[in-house]
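Proteins get letters first, then strands, A, B, ... in listed order; numbering begins at 1 in each.
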Amino acid sequence: MAKRDLSSFFETYLEKDQLFQNKGALLANYVPECVDYRDEQIEAVAQILAPALKQDKPSNLFIYGKTGTGKTLSVQHITAQMLEIAEKKEIQLHITYLNCKLKKVADTEYRLVAELARDFGRTIPPTGLPTDEVYKLFFDSLDKRKGIIIIVLDEIDQLLKKAGDEILYNLTRINSELKNSQVAIIGISNDLLFTEGLDARVKSSLSEEELVFPPYNALQIQNILRQRSDEAFKKDALEQGVIEKCAAYAAREHGDVRRAIDLLRVAGELAERQNCVKVQIEHLDAAEDKIERDRIQDTVMTQPKQHQACLFSIITLFEHQDPKKKRPYGLTGEVYDVYKEICRKVGLRPLTQRRISDLITELDMLGIINAKIISKGRFGRTREIQLSIPSSTKPKIIKILQESLGI
DNA sequence: GTCAATTCACATGAAAGAGACCACGGTCTAGTG
DNA sequence: CTAGACCGTGGTCTCTTTCATGTGAATTGACGA
């Protein structure tokens, strides 16, 4: 019986009128043919990089802009075209793109240089070599190439936060040691104030040119969304006003188009699952909800045990709170007490309070909790910790934590 | 009543250790001709 | 004689601990009006 049900399910699924015609257009890695509303920026970048085609070293470039303002896309667009031309005219040009945020790829000095060296055809072990050895290998392979090399470092602020600015200093110095080739660096950062904390030498040599990508406004987002949805959805699959509302959401989130596109895709998926003929505005709301829920569940699930234990203690603290004191927040010390108790129950070695303090900060950064430092005067300084999980998700989160901790 | 000193309960920083993972070079061992 | 196993050394990386220092306002207590 179950079998027949299933096959009929698949049959109806196949017969069902799909809303999407090309969902790929709404996925994060989709590269559209042209980048709208960034003409000015693209032209500026192109002008700065153009000397590379004449075998002159272009200036180092720094690009700022909030997430989802088309920085990465624009740069990829330009570099792809440059490479095309270079190939046609047999110009010696090599462009390397590296996202520094990707964990385990390029978030430390060693890994970054190793990854770069790999891009130039060296095999570098993931660990074990001294860092300066890797530098040497990298230099060697660089120098073997003649011509211009452009290194694009995306989300460079992340790299700096973790690994310090020594890498950048070393990279900017490369040129003086190379005989045959010249290196230009393009840094892309979400953080507008990023260069503030930079060493002055690095700052001046790295940001010879600077460019800011302004956020898209609501109207521009609308048009971009319309274009993407025309490609992704079938005709008339969207109800009137859906795009407008979606754009409004994104504009509120300082013009993050990526987010808007995500929202649209999830809304579409929800509508499809509900067998609706059109994507309605309600689907958008549901989609926003779902994205947030999934995000929280994902992050909670992938946290290390100690983080989970810490989060679980925060939740338990609220669950078993003395109803008399009626406080919507907990303090670091209280959390730590509960945490120790939980560790004892689960058989986990309790960490020090110092460490827990850090874990709390991390959970705060992830947006799972909300921790605010307050001073209670004579009664010390601590954090006010609040859960920022919607109550509808809470039981599920508790279940995940209990399973993972084995309670 | 006013004002500076005190005090609490952590926050925050820096440094260093532990343990996992890995490459490399040297040494040992067993198999082969 | 040689390939492969095995070990010791030295390196990175992440997570922690230890030690030290910082912090902000309620409270305290001296002081003066």
Side-chain angles (χ1 to χ4, degrees), chain A residues 98-118 121-141 155 158-171 196-199 299-314 317 321 325 327-344 346-366 368-386 404-405:
Chain A
L98 210 57
N99 189 331
C100 308
K101 197 173 144 192
L102 295 178
K103 273 210 163 163
K104 313 283 179 197
V105 174
D107 59 351
T108 69
E109 183 171 11
Y110 181 96
R111 283 179 189 154
L112 178 84
V113 181
E115 195 57 38
L116 286 173
R118 261 180 227 130
R122 290 298 180 111
T123 45
I124 307 281
T127 165
L129 253 49
T131 306
D132 37 351
E133 191 71 21
V134 183
Y135 263 112
K136 222 160 70 191
L137 284 170
F138 175 51
F139 280 156
D140 277 0
S141 44
E155 316 236 12
Q158 299 288 327
L159 172 69
L160 219 81
K161 208 158 56 187
K162 283 197 175 158
D165 52 9
E166 200 161 322
I167 315 168
L168 295 182
Y169 180 64
N170 285 333
L171 283 180
E196 303 272 305
L198 227 53
D199 185 300
T299 39
V300 168
M301 235 182 296
T302 51
Q303 287 305 302
K305 268 240 162 66
Q306 292 287 4
H307 290 63
Q308 292 182 339
C310 182
L311 177 60
F312 191 64
S313 2
I314 294 169
L317 180 64
Q321 204 174 39
K325 73 181 171 190
R327 241 185 347 174
Y329 56 86
L331 307 175
T332 306
E334 295 170 357
V335 171
Y336 187 61
D337 287 342
V338 179
Y339 163 78
K340 273 192 295 194
E341 188 59 29
I342 285 174
C343 280
R344 210 176 46 76
V346 182
L348 209 60
R349 194 175 55 83
L351 303 176
T352 51
Q353 183 158 338
R354 173 72 186 82
R355 182 66 185 134
I356 293 301
S357 176
D358 279 349
L359 295 195
I360 290 174
T361 327
E362 280 172 41
L363 289 175
D364 182 27
M365 300 270 250
L366 290 172
I368 299 174
I369 63 172
N370 198 324
K372 198 170 67 194
I373 301 156
I374 50 148
S375 177
K376 293 156 76 76
R378 188 70 211 272
F379 306 108
R381 226 160 94 91
T382 181
R383 277 200 180 93
E384 250 179 36
I385 301 162
Q386 270 172 303
S404 156
L405 292 170

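- For dC8(B), the OP1/OP2 oxygens have no side-chain nitrogen or oxygen of R381(A) closer than 4.0 Å.
- Shown here for L311(A) and I368(A), the closest heavy-atom pair between the two residues is CD1-CG2, 3.7 Å.
- Computed from coordinates, the R111(A) CZ to dC13(C) P distance equals 6 Å when rounded to whole Å.
- Although no hydrogens or angles enter the test, the distance criterion places no donor-acceptor pair under 3.5 Å between the side chain of S357(A) and the main chain of Q353(A).
- Checked by atom type, the side-chain pair E334(A)/Y339(A) shows no donor-acceptor distance below 3.5 Å.
- Between L331(A) atom CG and L317(A) atom CG the span is 8.5 Å, to the nearest 0.5 Å.
- Distance, E334(A) CD to dA9(B) C1': 12 Å, rounded to whole Å.
- Rounding to whole angstrom units, NZ of residue K372(A) and P of dA25(C) are separated by 13 Å.
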What do the steps show when you test R383(A) against T361(A) for side chain to side chain contact (heavy atoms under 4.5 Å, CB included), and what is the final call?
-> CA-CA 10 Å; R383(A) 277 200 180 93; T361(A) 327; 3.2 Å; yes

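- Rounded to a whole Å, the CZ atom of R378(A) is 9 Å from the P atom of dG29(C).
- Without hydrogens or angle criteria, Q306(A) side chain to L351(A) main chain gives no donor-acceptor distance under 3.5 Å.
- The separation between D337(A) atom CG and dA9(B) atom C1' is 12 Å, rounded to whole Å.
- Of the candidate nucleotides dT17(C), dA11(B), dA26(C), dT17(C) has the atom nearest to the side chain of L351(A).
- One can place CD1 of I356(A) at 14 Å from P of dT18(C), the figure rounded to the nearest angstrom.
- Picking from dA11(B), dT17(C), dT12(C) the nucleotide with the shortest atom distance to the side chain of S357(A) gives dA11(B).
- Distance Y110(A) OH to dC13(C) C1': 11 Å, rounded to the nearest Å.
- Side-chain N/O atoms of T332(A) include one lying less than 4.0 angstrom from OP1 or OP2 on dA11(B).
- Residue S375(A) places no side-chain N or O under 4.0 Å from the OP1 or OP2 atom of dT23(C).
- T299(A) OG1 to E362(A) CD: the interatomic distance, rounded to the nearest 0.5 Å, is 12.5 Å.
- The interatomic distance linking K376(A) (NZ) with dT27(C) (C1') rounds to 14 Å, in whole Å.
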Write down the protein N/O and nucleotide N/O pairs, taken from nucleotides 14-19 of chain B, whose separation is under 3.5 Å; answer none if there are no such pairs.
none

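- Closest contact between the side chain of R355(A) and the listed nucleotides dT16(C), dT27(C), dA11(B) involves dT16(C).
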